[in-house]
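Structure first, commentary second.
Quick caveat, the model's predicted, so the values are computed rather than measured.
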Amino acid sequence: MPDDDTQTIYVWADALTNYISALGYADDSEKFRKFWPADVHLIGKDILRFHAIFWPAMLLSLGLDLLRPYMFMAT
C-alpha cells in the first residue's frame, strides 16, 4: 500500500484466477473441462513460490484438480 510499508498487495492472485476464468470456469464450460488441468505448467524461477505453493492451495480450495508437472526455468 502506498505510504504503509507494513502492508503488501499481491497482484498475482488476480492473475492466477485468469488462468481458469479464461477457460470458462465460472460457466462450467466444455472448454474448461477440455483444457483443465493443463498438461504442463512452465514458469520462471522468480514466481516459483506463487505458482508452487499459493496457486495449488487456491485450486484445492475450489475443489479443482491440480496442474500436472511443473517445469521451472532457472536462468
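- For the atom pair CG of Leu60 and CH2 of Trp55, the computed distance is 10.5 Å after rounding to the nearest 0.5 Å.
- Counting all heavy atoms, side chain and backbone alike, Ala22 lies closest to Lys31 at O-NZ, 3.8 Å.
- Counting all heavy atoms, side chain and backbone alike, Asp65 lies closest to Trp36 at O-NE1, 3.1 Å.
- Looking at Leu67 and Tyr19, their side chains never come closer than 4.5 Å, going by heavy atoms from C-beta outward.
- Listed here is the closest heavy atom pair of Tyr25 and Leu62: OH-CD2, 3.8 Å.
- Checking side-chain atoms of Ser29 against main-chain N and O of Leu23 turns up a donor-acceptor pair under 3.5 Å.
- Counting all heavy atoms, side chain and backbone alike, Phe50 lies closest to Pro56 at O-CD, 4.5 Å.
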